[in-house]
Amino acid sequence: MDRYDVVVIGAGFAGLTAARDLREAGKSVLVLEARDRIGGSTWYRPGALGGFGLEMGGTWIVPEQTHVWAEVQRYGVPVKDSELPERMTWSDHGEVLDTLLPVPAEEYGALEHAVRSLIEAGERLDPMRPLSEQGLEDLDVTIRQWADNVGLTGNARELLMSWFCGCANANEDTGSALDVIRWLASMDNSLWGMVQASVLGYTFVNGTVSLAEAIRQDGGADLELSSPVRAVEADDEGVTVTYEGGQVRADRVLMTTAVGVWQDIRFTPELSAAKQAMSKENHAGQGQKVWALARNVPEDISGFGWGTSFDYVGAMETTDEGVVLVCFAPEHDRVDATDLADVQRAVREFAPEAEVVGAESHDWVNDEYNKGLWSTFRAGQFAKYEIAVGEPEGRVHFAGSHTARRWRTFIDGAIESGKRGAAEILAAR
Ligand SMILES: Cc1cc2nc3c(=O)[nH]c(=O)nc-3n(C[C@H](O)[C@H](O)[C@H](O)COP(=O)(O)OP(=O)(O)OC[C@H]3O[C@@H](n4cnc5c(N)ncnc54)[C@H](O)[C@@H]3O)c2cc1C
């Protein structure tokens with residue numbers, strides 16, 4: 001049986017970064033990846049819709065995400081800033097408002113209160129440290145509960161809740177408000193910065209795969225694709241990893257898969273009770289991202305809605321065949337992405353004349369190697385699992401964006417966690 005210093009499970013940004021850093025430190029490394037491609041929760045499909053390349057998963061980055069930004073600089077990977085829309089589109093239960101602000105004049109005070117409540121909450125957080133150690137339990141509640149607690153009313157309440165759901169990729173009764181407020185704190189409490197970090201930041205000119213591939217090539221670790229891991233058995237001398245296609249021994253293992261996937265792998269000894277529970281509960285990020293090709297929509301539409309199927313509809317590119325739109329919903333079955341008529345119905349809540357001529361989506365929720373989109377904690381999960389998800393268990397270490405601090409759930413968090421995981425293994429005796 002082959003033996004390596006380290007076997008890394010998963011070739012997303014966490015796994016690729018860790019493998020590179022471990023190789024740089026002179027370790028022998030094998031990366032085992034279940035899929036037939038690298039990139040994990042990022043997946044670039046060139047020319048997929050109207051000749052435009054689609055990011056089916058992770059897409060935007062901002063300079064404040066210092067880990068991914070440093071990698072972009074290191075490899076000279078081209079990125080481009082988003083073009084700003086002329087105006088925002090607000091959809092109130094499918095009715096497009098023609099007002100500049102999303103609320104009628106008599107609710108300006110309520111809007112101001114909502115913005116102030118959000119920024120006051122953000123200012124309580126230090127995103128560089130574990131949030132579960134900062135006395136923030138009152139924020140680790142559902143999005144709806146937080147809106148109730150701070151007394152949000154009117155359209156401002158609906159918009160903010162919908163915006164939170166969009167950021168959380170979770171509905172108002174599951175996602176932790178704290179995990180969304182963290183975005184704001186991570187952007188130094190700039191509301192505009194938070195918008196940029198979600199859907200108006202920088203994108204990769206040649207797709208996220210351009211950075212993933214640069215990191216992979218630099219590291220030069222061995223890589224086996226289409227090799228799902230089934231068992232991880234540790235003993236006093238090392239770890240045996242069983243995957244479809246073979247078995248391998250290693251001194252140490254770095255797990256980087258999504259939390260929901262842990263329960264499908266046989267660990268010996270068993271994972272801690274907290275990790276087992278987290279894997280069964282899974283995270284709240286169970287929404288959908290849908291790409292649409294549409295005619296008769298504004299070329300720079302950037303629409304936020306409440307009481308709508310999608311909570312965001314935004315233009316990414318104009319092609320000869322129409323405008324390429326990226327759309328998000330906080331539940332994975334709100335829109336049937338395989339049915340153009342249903343996608344059109346949902347887009348028309350933002351652009352009533354829209355004619356949808358194409359659509360693409362990946363069902364991350366029912367994808368056995370993801371079981372969700374980005375890993376927003378459910379309300380209450382910070383206290384129970386924030387530390388536990390990243391704790392090593394003997395010779396088995398844990399990384400992945402769900403274990404990161406400032407930018408957990410982002411590409412940046414994945415890279416941060418990969419660096420931390422590699423350093424942890426190098427320090428282990
Ligand atoms: C639709 C969507 C939109 C997003 N938008 C953004 C965004 O705009 N900006 C941003 O920064 N982030 C975004 N994210 C989040 C970001 O993509 C992730 O946080 C990040 O890519 C996670 O990287 P990771 O390495 O931690 O995990 P992953 O990329 O999930 O990597 C884990 C790897 O493990 C593999 N694996 C699973 N099970 C096994 C097994 N049994 N054996 C072997 N391999 C296995 C998986 O196939 C996968 O390749 C988005 C995610 C999604 C899904």
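In this text the structure is predicted, and so the values were computed from the model without any measurement.
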Taken in chain and number order and not counting sequence neighbours, the residues that satisfy side chain to side chain donor-acceptor pair (under 3.5 Å) with N206 are none
ring-ring contact (aromatic ring centres under 6.0 Å, His included) filter on W69, not counting sequence neighbours, yields Y202
Determine whether a donor-acceptor pair (N or O, by modelled atom type, separation under 3.5 Å) exists between the side chain of S91 and the backbone of G305.
no
So CG of L139 and CG of L125: to nearest 0.5 Å the spacing works out to 6.5 Å
Rounding to 0.5 Å, atoms SG (C167) and CD1 (I143) come to a distance of 8.5 Å
Across all chains, not counting sequence neighbours, the side chain to side chain donor-acceptor pair (under 3.5 Å) partners of N296 are none
Residues 254-271 vs salt bridge (charged side-chain N to carboxylate O under 4.0 Å, His left out), sequence neighbours excluded, gives E233-R266, D264-K371
* Please indicate whether E83 has more than 12 foreign heavy atoms, meaning atoms of other residues, nucleotides or ligands, lying under 6.0 Å from its CD. => no
Nearest heavy-atom contact between A337 and A359 is O-CB, 3.8 Å
Applied to residues 194-206, the salt bridge (charged side-chain N to carboxylate O under 4.0 Å, His left out) test, sequence neighbours excluded, yields none
Scanning both residues in full, the closest heavy-atom pair of A351 with P298 reads CB-CD, 4.3 Å
Contacts of P228 meeting side chain to side chain contact (heavy atoms under 4.5 Å, CB included) (sequence neighbours excluded), chain-then-number -> A34, R230, E244, Y369
In the structure I gave you, are the side-chain heavy atoms of R405 and P130 within less than 4.5 Å of one another anywhere? yes
Worksheet entry | Sidechain N-carboxylate O distance under 4.0 Å for K27, D251 | no
- [ ] Decide if atom CD of Q217 counts as having more than 12 heavy atoms of other residues, nucleotides or ligands within a radius under 6.0 Å.
- [x] yes
- Applying side chain to side chain contact (heavy atoms under 4.5 Å, CB included), run through F398 and E393 and close with a yes or a no. CA-CA 8 Å; F398 291 81; E393 310 216 350; 3.8 Å; yes
Determine whether V313 and E349 make a side-chain contact, defined as any pair of heavy atoms from C-beta on separated by less than 4.5 Å. no
Minimal heavy-atom distance between S210 and F204, with the atoms involved, is OG-CD2, 4.1 Å
ring-ring contact (aromatic ring centres under 6.0 Å, His included) filter on Y385, not counting sequence neighbours, yields none
In terms of relative ring orientation, are W306 and W90 parallel, tilted or perpendicular, with 30° and 60° separating the classes?
tilted
- Message: For the residue pair R249 / T240, report whether a side-chain donor-acceptor contact shorter than 3.5 Å exists.
- Response: yes
Margin query: Would the distance check show the side chain of Q247 and the main-chain N or O of M1 forming a donor-acceptor pair, the cut-off being under 3.5 Å?
Written below: no
Taking the cut-offs as 6.0 angstrom to the six-membered ring centre and 45 degrees off its axis, would you call R408 and F377 a cation-pi pair? yes
In terms of relative ring orientation, are W163 and F304 parallel, tilted or perpendicular, with 30° and 60° separating the classes? perpendicular
inquiry  = Quick check: do W262 and V232 have side-chain heavy atoms less than 4.5 Å from each other?
reply    = no
Side chains of L184 and L118: closer than 4.5 Å at any heavy-atom pair? yes
For A428 and H397 the tightest heavy-atom approach is CB-CE1, 4.4 Å
Tell me whether the centres of the aromatic rings in H362 and W43 are closer together than 6.0 Å. yes
Practice task
Flag the pair L426 / L22 as yes when at least one side-chain heavy-atom distance between them is below 4.5 Å, and no otherwise.
Solution key: yes
Cut-off 3.5 Å, side chains only: do Y312 and S302 have a donor facing an acceptor? yes
Applied to residues 8-20, the side chain to side chain donor-acceptor pair (under 3.5 Å) test, sequence neighbours excluded, yields R20-E71, R20-Y75
Minimal heavy-atom distance between A11 and V31, with the atoms involved, is CB-CG1, 3.9 Å
- Apply side chain to side chain contact (heavy atoms under 4.5 Å, CB included) to the pair N370 and R35, showing each step before the final yes or no. CA-CA 11 Å; N370 261 67; R35 303 178 198 277; 2.5 Å; yes
Whether S227 side chain and L225 backbone form a donor-acceptor pair below 3.5 Å: yes
One should read off an interatomic distance between L152 CG and R144 CZ, to the nearest 0.5 angstrom, of 12.5 Å
Heavy-atom closest pair (A383 atom, S132 atom, distance to 0.1 Å) is CA-CB, 4.2 Å
From the list V180, I181, V62, side-chain contact (heavy atoms from CB on, under 4.5 Å) with M194 holds only for V180
Original post:
Taking D412 for the side chain and W407 for the main chain, is one N or O donor matched with an acceptor at less than 3.5 Å?
Top reply: no
Are any non-hydrogen side-chain atoms of K275 and E391 less than 4.5 angstrom apart? yes
*Measure from the side-chain N and O atoms of T59 to the backbone N and O of G57, and report whether any donor-acceptor pair falls under 3.5 Å.*
yes
*Is there a donor-acceptor contact under 3.5 Å from the side chain of E158 to the main chain of G307?*
no
The complete set of salt bridge (charged side-chain N to carboxylate O under 4.0 Å, His left out) pairs with one or both residues in residues 38-65, sequence neighbours excluded, reads R45-E360
| said: Closer than 4.0 angstrom, basic N to acidic O: yes or no for R378 and D179? | reply: no
Check your understanding: Are side-chain N/O atoms of D173 and T142 paired as donor and acceptor at under 3.5 Å?
Key -> no
Sequence neighbours excluded, the answer for ring-ring contact (aromatic ring centres under 6.0 Å, His included) partners of Y4 is none
Validation row: H67, F13 side chains within 4.5 angstrom (heavy atoms)
no
For this session: Taking W146 for its side chain and M161 for its backbone only, find out whether a donor-acceptor pair lies under 3.5 Å.
Result: no
Worksheet entry | E355 (side chain) donor-acceptor with R295 (main chain) under 3.5 angstrom | no
Check the side chains of T403 and R420 for a donor-acceptor pair under 3.5 angstrom, ignoring hydrogens and angles.
yes
Side-chain heavy-atom pair R74, D218 within 4.5 angstrom cut-off:
yes
Sorted by chain and number, sequence neighbours left out, ring-ring contact (aromatic ring centres under 6.0 Å, His included) with W291 holds for none
Rounding to 0.5 Å, atoms CD1 (I61) and OG1 (T208) come to a distance of 10.0 Å
Exercise for the section: Measure from the side-chain N and O atoms of E33 to the backbone N and O of G40, and report whether any donor-acceptor pair falls under 3.5 Å. Expected result: no
task = Check whether any side-chain N or O of S375 sits under 3.5 Å from a backbone N or O of T409 as a donor-acceptor pair, and report yes or no.
result = no
Review item, side-chain donor-acceptor pairs of residues 322-335, under 3.5 Å, at least two apart:
unit_1	atom_1	unit_2	atom_2	d
E331	OE1	R334	NE	2.9
E331	OE1	R334	NH2	3.4
E331	OE2	N171	ND2	3.0
R334	NH1	T308	O	3.2
R334	NH1	S309	O	3.1

